[in-house]
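First up is the structure itself, then whatever we jot down about it.
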Amino acid sequence: MHTIIEPFRIKSIEPIYFNTALERKSVLEKAFYNPFLIHSNDVIIDLLTDSGTSAMSSNQWAGIMNGDESYAGSPSFFRFKETVQGITGMPFIIPTHQGRAAERILFEMIGGPGKFFISNTLFDTTRANIEFSGATGIDLICEEGKHPSIPAPFKGNMDVKALTQTIKEKGAENIPLIILTITNNSGGGQPVSMQNIQAVHKVCKQFQIPLFLDACRFAENAWFIKMREEGYADKTIPEIVHELFSYADGCTMSAKKDAFANIGGFLAMHSESLALQCRNLLIITEGFPTYGGLAGRDLEAISIGLKEVMEENYLQYRVRSIEYLTEKLVAAGVPVMRPGGGHAVYLDAKEFLPHIPIDQYPGQALTCALYEEGGIRSVEIGSLMFGKYDSGGKLIPATLELVRLAIPRRVYTQSHIDYVAEVVIDVFKKRNQIHGLEILEEAPALRHFTVKLKPITV
Ligand SMILES: *Cc1c(COP(=O)(O)O)cnc(C)c1O
């Protein structure tokens, strides 16, 4: 078979600015060892996130010019609504300015103290919105999902036995929703199988709890189902996507992921009464229901992107590019999550830097080392992002200490990815020289965005 090539040509380019390792050392210091505080002009390859960083297609840019900016009843909204209805099969579609706005509205309506939301793994903004409402989030990832280096086809699955047990423990009446994150972003971009979605759906039906999908990467998840799950090889992506949504009562979506848009999101559902409540809040915080915090042109870009993302040539290239980087790192002995996820390569920082104790944030130390070595920006997904303190102020660590190299959609070429592999491998060779970090300043929620740290050099 020939090389799987980028299924696009480049029409417009953005320059990359180069700096030296010495300059990057001082950039890091000024940014308090937090990659979120680095100016993006100081970054050579930006793998901080795949969110809102996609390259739009010429069709999407053409759609931008077709955007109708009417306050109410814009045709751009109706095109958007029809597309989302077609994909999800859900009648009530609420546009929001991004995924977390959909989450905020949803959890403000149905969350609150004494409530529990169960998931395979809640994404950080989802968990934060749940907790902000006063409710509690519970992650029940399957056993395979807890072992980064052991390959399994569907490491994003929920532990269905634990789900039933937890529902009985907490009481179905205290659980307004079960949420499956597809693919499981915080758990390594690992997919959820159709069988697992069906099994969770069955439990939800049994206890009469609605099932929602955090559908940010629905197309990548569908591709994994086609590739890895028995009975799906001959189905088209739209068919798989249709089935996947058929088990859900609603979904939240960030259009900054699998819609190739730079901004946007939506909430979709079957329940008219819940949609009515959500719309009331939408009008106060986002905007009128036919634009919901977006411009008409954004709605156009999203509806075109949602169709493009289901093209098989694209999905094959997308997943291959992640696998390609994973293979290179595995061959050099770098501890990475296996198999590769849908949107990112995850380094296992616990194994990469075993000499750094968890309360000195090995993942964060690794993100800093990658930046200093090659100007690569990545993000820690571990105890800095998800750690909590006990009543004595001692860190309660996260399950995994990962560093995510998120690959923006349609942005970097194979030589960029080769460069990334070289830098990671160079850092791996020098890993003994990397120091842990201590926190100087932090916010009470989503602290990783703004936290300030310093290296521990004693
Ligand atoms: C990005 C993301 C969100 C939040 O979406 P934003 O558009 O960033 O607000 C929620 N869930 C998952 C799984 C995500 O990846």
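We count ligands from 1, going down the list as the structure has it; atoms in each ligand are counted the same way. Since this is a predicted model, take the numbers as computed values, not measurements. Sequential numbering from 1 along the given sequence is applied to the chain's residues.
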Task: By side chain to side chain contact (heavy atoms under 4.5 Å, CB included) - contacts of Lys235 (at least two apart) - done: Tyr232, Glu239, Ile240
Open item on the list: I'd like the name of whichever of Ala102, Ala101, Ser254 reaches closest to atom 7 (O) of ligand 1 through any heavy atom.
Closed with: Ser254
TODO: Compute the shortest N/O to N/O distance between Gly264 and ligand 1 and return yes if it is under 3.5 Å, no if not.
DONE: no
Open item on the list: Considering non-hydrogen atoms of the protein only, which is the closest contact for atom 4 (C) of ligand 1, and what is the distance?
Closed with: Thr125 OG1, 3.4 Å
Task: For atom 14 (C) of ligand 1, the protein heavy atom that lies nearest, with its residue and separation - done: Lys257 NZ, 2.8 Å
Task: Aromatic Phe260 / basic Arg410 pairing, under 6.0 angstrom, 45° off normal - done: yes
Task: salt bridge (Lys or Arg N to Asp or Glu O under 4.0 Å): pairs with one or both residues in residues 284-304, sequence neighbours excluded - done: Glu69-Arg297, Arg79-Glu300
- [ ] Would you mind listing which atoms of ligand 1 come within a distance below 4.0 Å of any non-hydrogen atom of Arg217?
- [x] 13 (C), 14 (C), 15 (O)
Open item on the list: Under 3.5 Å, is there a donor on one side chain and an acceptor on the other for Tyr361 and Glu380?
Closed with: no
Open item on the list: Going by side-chain hydrogen bond (donor to acceptor under 3.5 Å, both in side chains), Arg217 matches just one of Asn184, Thr181, Asp50. Which one?
Closed with: Asp50
Task: Minimum non-hydrogen distance to atom 13 (C) of ligand 1, winning option of Ile179, Thr96, Thr121, Asp214 - done: Asp214
- [ ] Indicate yes or no: does Asp139 engage Arg127 in a salt bridge with an N to O separation below 4.0 Å.
- [x] yes
TODO: With rounding to the nearest 0.5 Å, note down the distance linking NZ in Lys388 to OG in Ser383.
DONE: 11.0 Å
TODO: Between His343, Arg100, Glu103, flag the one that comes closest to atom 10 (C) of ligand 1 by a heavy atom.
DONE: Glu103
Task: Close approach, Cys216 and ligand 1, non-hydrogen under 4.0 angstrom - done: yes
Open item on the list: If I apply the N/O under 3.5 Å rule, does Thr181 come out as touching ligand 1?
Closed with: no
Task: Structural part of Lys256 in contact with ligand 1, heavy atom criterion under 4.0 angstrom - done: side chain
